J.: 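I'd like to ask you about the structure that follows.
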Amino acid sequence: MIQSLPGFKDILPNETRKWQFVENICRDIFESFAYQEIRVPILEKAQLFSRSVGNDTDIVQKEMYTFKDKSDQFVTLRPEGTACVVRALIQHHLIHEGMHKFYYIAPMFRYERPQRGRFREFHHLGVEAFGESSPYVDAEIMEMNAEILKRLNMDVRVEINNIGCRKCRPSYTKVLREYLMGKKELLCEDCQRRLDTNPLRILDCKKESCKKITAFAPSILDYSCDECRNHFNEVQRLLTKMNIDFVVNEKIVRGLDYYTKFVFEVISDKLGAQGTVSAGGRYNDLVEDLGGSPTPACGFAAGEERVIELFDYKEDDKFVDAVVIPVGKDTSDFSFLLTGDLRKEGFKVEFISSGSLKSALRKANKWKAKWVLIIGDEEIKENTVSLRDLEKSVQKKVRVEDIISVIRQGLDE
RNA sequence: GUGGGUAUAGCUCAGGUGGUAGAGCACCAGGUUGUGGCCUUGGUGGUCGUGGGUUCAAGUCCCACUACUCACCCCA
């Protein structure tokens with residue numbers, strides 16, 4: 001048997017309804033905030049991600065689907081959406097065209113070991129807003145998040161942080177490194193390595209021994225510049241005003257290099273080890289870094305698989321309203337054409353062309369169809385149809401020209 | 001890449017110390033020669049993940065591999 005690749009999932013019909021539900025709600029919300037959908041390619045040049053996400057990040061170092069195409073160029077299945085949207089923004093001069101806020105619902109790919117809540121193909125519900133450095137944009141991003149969580153009735157917490165900018169972060173990194181250097185032997189193996197590559201990441205280490213050390217480390221909040229500090233304060237003020245609950249967690253660092261100033265995570269305790277449902281923040285330097293003109297930006301992405309695992313969906317999925325069953329010989333053509341007529345009226349209709357009446361009714365019952373139209377020689381002769389309501393167990397002969405109106409009104413007992 | 005757990009029918013799972021496989025649900029059909037759901041009767045369906053080994057005999061013991069899964073790393 002050939003089966004799907006590890007970490008790649010089929011989304012079967014009994015699940016797709018739920019996906020559509022989530023996507024429709026998010027679409028509604030994004031568009032109410034005046035974001036426009038953008039669709040960008042799944043495959044990009046590899047360097048787009050090494051330059052944006054950061055060459056030393058785990059995503060780039062060990063998680064990307066990168067390979068050579070037939071012209072010997074390195075291409076990558078996108079591990080995230082932001083870099084792709086920024087590329088499109090620059091390439092098509094979208095800001096000059098009056099387009100600056102975008103959303104996407106799209107698959108992403110990372111070559112990781114699959115586990116609960118993490119797959120090699122997964123889906124992001126993401127938004128990106130360009131050209132505005134004011135904290136109102138950060139607040140707007142958070143408001144959209146809150147709206148999604150509310151509409152889907154999810155139990156989560158919001159953690160935010162300020163990770164500074166290019167002006168102030170280096171000095172903090174230096175202080176932090178100096179502090180940790182003094183306790184190097186107490187850190188885990190990974191963190192000792194991080195001292196060189198990315199000291200900020202040590203703050204995020206989950207090992208108890210490291211946590212003990214970082215608990216008393218200098219806080220980034222004490223080292224940020226006035227601009228970053230003011231921005232962060234303003235965002236907090238707005239969140240409070242909007243009644244969005246949050247906690248400041250100065251240990252949050254993101255796994256992507258491009259973030260500046262405001263970052264956040266939305267976390268659930270009900271998802272196992274992978275609790276982050278949604279995350280994002282500001283990235284004021286990325287557009288310029290990728291060759292565009294300096295453009296502040298802010299965005300976030302929610303993991304659709306994780307959202308879907310969290311919210312409770314309670315609509316039953318009826319995929320068929322009526323089933324048409326011909327009985328006897330020379331009744332099939334008429335029944336088949338009638339099926340088409342019902343479909344044109346907007347009903348979901350299935351035509352059963354073989355098997356016994358009994359088995360056809362069993363199928364109709366299993367599919368939870370409300371209506372069954374039974375058409376035999378007698379009905380043809382009389383120009384009628386035996387219309388049965390499976391929910392009420394009521395059946396009547398109805399003249400062919402009255403079928404649609406009777407179905408619309410319902411059968412009397 | 002590293003560690004743990006699991007692998008028997010379409011699904012969920014039973015199968016002490018070795019003696020060539022079972023249940024429930026699902027599916028198909030009959031009980032009603034044109035009537036579903038409940039009931040009842042019967043039926044289809046398994047090279048017991050794969051490949052080796054021990055043995056007269058392996059679902060069961062040993063080894064290897066693969067897949068799935070959870071966790072680490074990291075992330076949505």
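Sequence lines set the chain letters: A, B, ... in the order given, protein chains first and strands last, and positions in each chain run from 1. Small disclaimer: the values here were computed from a predicted structure and weren't measured.
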J.: What is the per-nucleotide protein-contact pattern of nucleotides 25-31 of chain B, from the 5' end, where B denotes a base atom under 4.0 Å from a protein heavy atom, S denotes such proximity for sugar-phosphate atoms only, and - denotes neither?
T.: -SS-B-B
J.: Would you mind classifying the nucleic acid contact of A/Ala279 as base, sugar-phosphate or nothing, using non-hydrogen atoms under 4.0 angstrom?
T.: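 A/Ala279: backbone/sugar contact only, no base atoms under 4.0 Å.
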J.: Kindly give the heavy-atom pair with the smallest separation between A/Ala322 and A/Val320, and that separation in Å.
T.: O-CG2, 3.3 Å
J.: So does A/Glu378 pair up with A/Lys397, basic N to acidic O under 4.0 Å?
T.: yes
J.: What's the CD1-P distance between A/Ile325 and B/G36, to the nearest Å?
T.: 11 Å
J.: Looking only at side chains, do A/Glu234 and A/Tyr136 share a donor and an acceptor under 3.5 Å apart?
T.: no
J.: Just the rounded figure in Å: distance from P of B/A76 to CZ of A/Arg306.
T.: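 In whole Å, B/A76 P lies 8 Å from A/Arg306 CZ.
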J.: To the nearest angstrom, how far is A/Asp56 atom CG from B/C75 atom P?
T.: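 After rounding, the reported distance stands at 13 Å.
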J.: Given that both distances must come in under 3.5 Å, which nucleotide forms a Watson-Crick or G-U wobble pair with B/G22?
T.: B/C13
J.: Provide a list of protein-nucleic acid N or O atom pairs under 3.5 angstrom, restricted to nucleotides 2-8 of chain B.
T.:
from, atom 1, to, atom 2, distance (Å)
B/U2, O4, A/Arg113, NH1, 3.3
B/U2, O4, A/Arg113, NH2, 3.2

J.: So, for A/Phe311 and A/Phe21, is the gap between ring centers shorter than 6.0 Å?
T.: yes
J.: So what does A/Gly328 hit on the nucleic acid, given a heavy-atom distance under 4.0 Å: a base, only sugar-phosphate, or nothing?
T.: nothing
J.: For A/Glu265, is there an ion pair with A/Arg306 - N to carboxylate O distance below 4.0 angstrom?
T.: no
J.: Using purine N1 to pyrimidine N3 plus N6-O4 or O6-N4 for Watson-Crick, or N1-O2 and O6-N3 for G-U wobble, each under 3.5 Å, what pairs with B/U66?
T.: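 WC or wobble partner is B/A7.
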J.: Without decimals, in angstroms, what is the distance between A/Arg388 CZ and B/U35 P?
T.: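 Checked: the CZ to P distance equals 10 Å.
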J.: Using 4.0 Å as the upper bound for N to carboxylate O, is an ion pair formed by A/Lys9 and A/Glu305?
T.: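 Here A/Glu305 does not pair with A/Lys9 in a salt bridge, since their nearest N and O are not under 4.0 Å apart.
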J.: Within the structure shown, what part of the strands sits under 4.0 Å from A/Glu378 by heavy-atom distance: base, sugar-phosphate, or nothing?
T.: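 A/Glu378: base contact, heavy atoms under 4.0 Å.
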J.: Taking only side-chain nitrogens and oxygens of A/Gln115, does any of them come within less than 4.0 Å of OP1 or OP2 of B/A71?
T.: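 For B/A71, OP1/OP2 do have a side-chain N/O of A/Gln115 under 4.0 Å.
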J.: Using a cut-off of less than 4.0 Å, is there contact between a side-chain N or O of A/Gln274 and OP1 or OP2 of B/A76?
T.: no
J.: What does B/G36 pair with, Watson-Crick or G-U, if both distances are under 3.5 Å?
T.: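 By the stated definition (distances under 3.5 Å), nothing pairs with B/G36.
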J.: Can you tell me the pairing partner of B/A29 across any strand shown, Watson-Crick or G-U wobble, with both distances under 3.5 angstrom?
T.: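 Base-paired to B/U41.
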J.: For A/Leu390 and B/G37, give me the distance from atom CG to atom P, rounded to whole Å.
T.: 11 Å
J.: Report yes if the distance between the aromatic ring centroids of A/Tyr223 and A/Tyr172 is under 6.0 Å, otherwise no.
T.: yes
J.: With a 6.0 Å cut-off on ring centres, are A/Tyr258 and A/Tyr283 close enough?
T.: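 Yes - the distance between ring centres of A/Tyr258 and A/Tyr283 falls below the 6.0 Å cut-off.
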J.: Tabulate protein N/O versus nucleotide N/O from nucleotides 45-51 of chain B, keeping only pairs under 3.5 Å, one per line.
T.:
none

J.: Nearest to the side chain of A/Arg116 - B/A71, B/C75, B/C68?
T.: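 Closest nucleotide among those given: B/A71.
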J.: Take atom CG of A/Leu125 and atom C1' of B/C75, then tell me their distance rounded to the nearest Å.
T.: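 Interatomic distance, CG of A/Leu125 to C1' of B/C75: 16 Å.
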J.: Report the base-pairing partner of B/A57 (Watson-Crick or G-U wobble, both distances below 3.5 angstrom), or none.
T.: none
J.: Need to verify one output field. Residue with the more 5' nearest nucleotide on RNA chain B, A/Leu271 or A/Leu5?
T.: A/Leu5
J.: Looking at every strand, decide which applies to A/Pro79 at a 4.0 Å heavy-atom threshold: base, sugar-phosphate, or nothing.
T.: nothing
J.: Taking O4'-C1'-N9-C4 for purines and O4'-C1'-N1-C2 for pyrimidines, is B/G37 syn (within 90° of 0) or anti?
T.: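 Syn, which is what one calls it when the glycosidic angle falls within 90° of 0.
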J.: Answer yes or no: is there an ion pair linking A/Lys101 with A/Glu140, defined by an N-O contact shorter than 4.0 Å?
T.: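 Salt bridge flag = yes for A/Glu140 with A/Lys101.
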J.: Looking across every strand, which nucleic acid part, if any, lies under 4.0 Å from A/Asn365 by heavy atom: base, sugar-phosphate, or nothing?
T.: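 Base contact.
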J.: Between B/C68 and B/U50, how many Å separate the two C1' atoms, rounded to a whole number?
T.: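 My reading of the C1' atoms in B/C68 and B/U50 gives 14 Å.
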J.: What is the nucleic acid contact for A/Phe119, judged by heavy atoms within less than 4.0 Å: base, sugar-phosphate only, or nothing?
T.: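 A/Phe119: base contact, heavy atoms under 4.0 Å.
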J.: Quick one: do the A/Glu121 and A/Tyr65 side chains pair a donor with an acceptor below 3.5 Å?
T.: no
J.: With a 4.0 Å cut-off on N to O distance, would you call A/Asp389 and A/Lys396 a salt bridge?
T.: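 Judged by the 4.0 Å cut-off on N to carboxylate O distance, A/Asp389 and A/Lys396 do not form a salt bridge.
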J.: Take the protein atom CG of A/Leu357 and the nucleotide atom C1' of B/U35, then report the distance between them rounded to whole Å.
T.: 5 Å
J.: Look at all strands and tell whether A/Ser386 reaches a base, only sugar-phosphate, or nothing, counting heavy atoms closer than 4.0 Å.
T.: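 Base: the residue A/Ser386, judged by heavy atoms under 4.0 Å, touches a nucleobase.
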J.: Across the strands shown, which category fits A/Leu256 at heavy-atom distances under 4.0 angstrom: base, sugar-phosphate, nothing?
T.: sugar-phosphate
J.: Could you walk me through whether A/Gln47 and A/Arg51 satisfy the side-chain hydrogen bond (donor to acceptor under 3.5 Å, both in side chains) test, starting with their C-alpha distance in whole Å, then the side-chain angles of each, then the deciding distance to 0.1 Å, before giving a yes or no?
T.: CA-CA 6 Å; A/Gln47 68 225 40; A/Arg51 279 176 57 186; over 6 Å; no
J.: Would you mind checking if A/Lys251 and A/Glu159 are paired as a salt bridge, meaning a charged N to carboxylate O distance below 4.0 Å?
T.: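 No, A/Glu159 and A/Lys251 are not salt-bridged.
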J.: Closest-nucleotide mapping onto RNA chain B: is A/Ser278 or A/Ala273 further toward the 5' terminus? I mean the 5' end.
T.: A/Ala273
J.: Pairing check on B/G46: which nucleotide meets the Watson-Crick or G-U wobble criteria with it, both distances under 3.5 Å?
T.: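 B/G46 is paired with nothing.
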J.: Can you name the one residue among A/Val175, A/Asn161, A/Leu203 that meets side chain to side chain contact (heavy atoms under 4.5 Å, CB included) with A/Ile220?
T.: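 With A/Ile220 as partner, A/Val175, A/Asn161, A/Leu203 yield a single side chain to side chain contact (heavy atoms under 4.5 Å, CB included), made by A/Asn161.
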J.: Grab the CG-C1' distance between A/Leu361 and B/U35 for me, whole Å please.
T.: 5 Å
J.: Would you mind classifying the nucleic acid contact of A/Glu309 as base, sugar-phosphate or nothing, using non-hydrogen atoms under 4.0 angstrom?
T.: nothing
J.: Paired with B/C72 by Watson-Crick or G-U wobble geometry, both distances under 3.5 Å: which nucleotide is it?
T.: B/G1
J.: With a distance cut-off below 6.0 Å to the six-membered ring centre and an angular limit of 45° from the axis, does A/Arg120 pair with A/Tyr111 as a cation-pi contact?
T.: yes
J.: Quick one: label A/Lys397 by what it contacts on the DNA or RNA (base, sugar-phosphate, nothing), any heavy atom closer than 4.0 Å.
T.: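 No contact.
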J.: Contact class for A/Gln395 vs. all strands (heavy atom < 4.0 Å): base, sugar-phosphate, or nothing?
T.: base
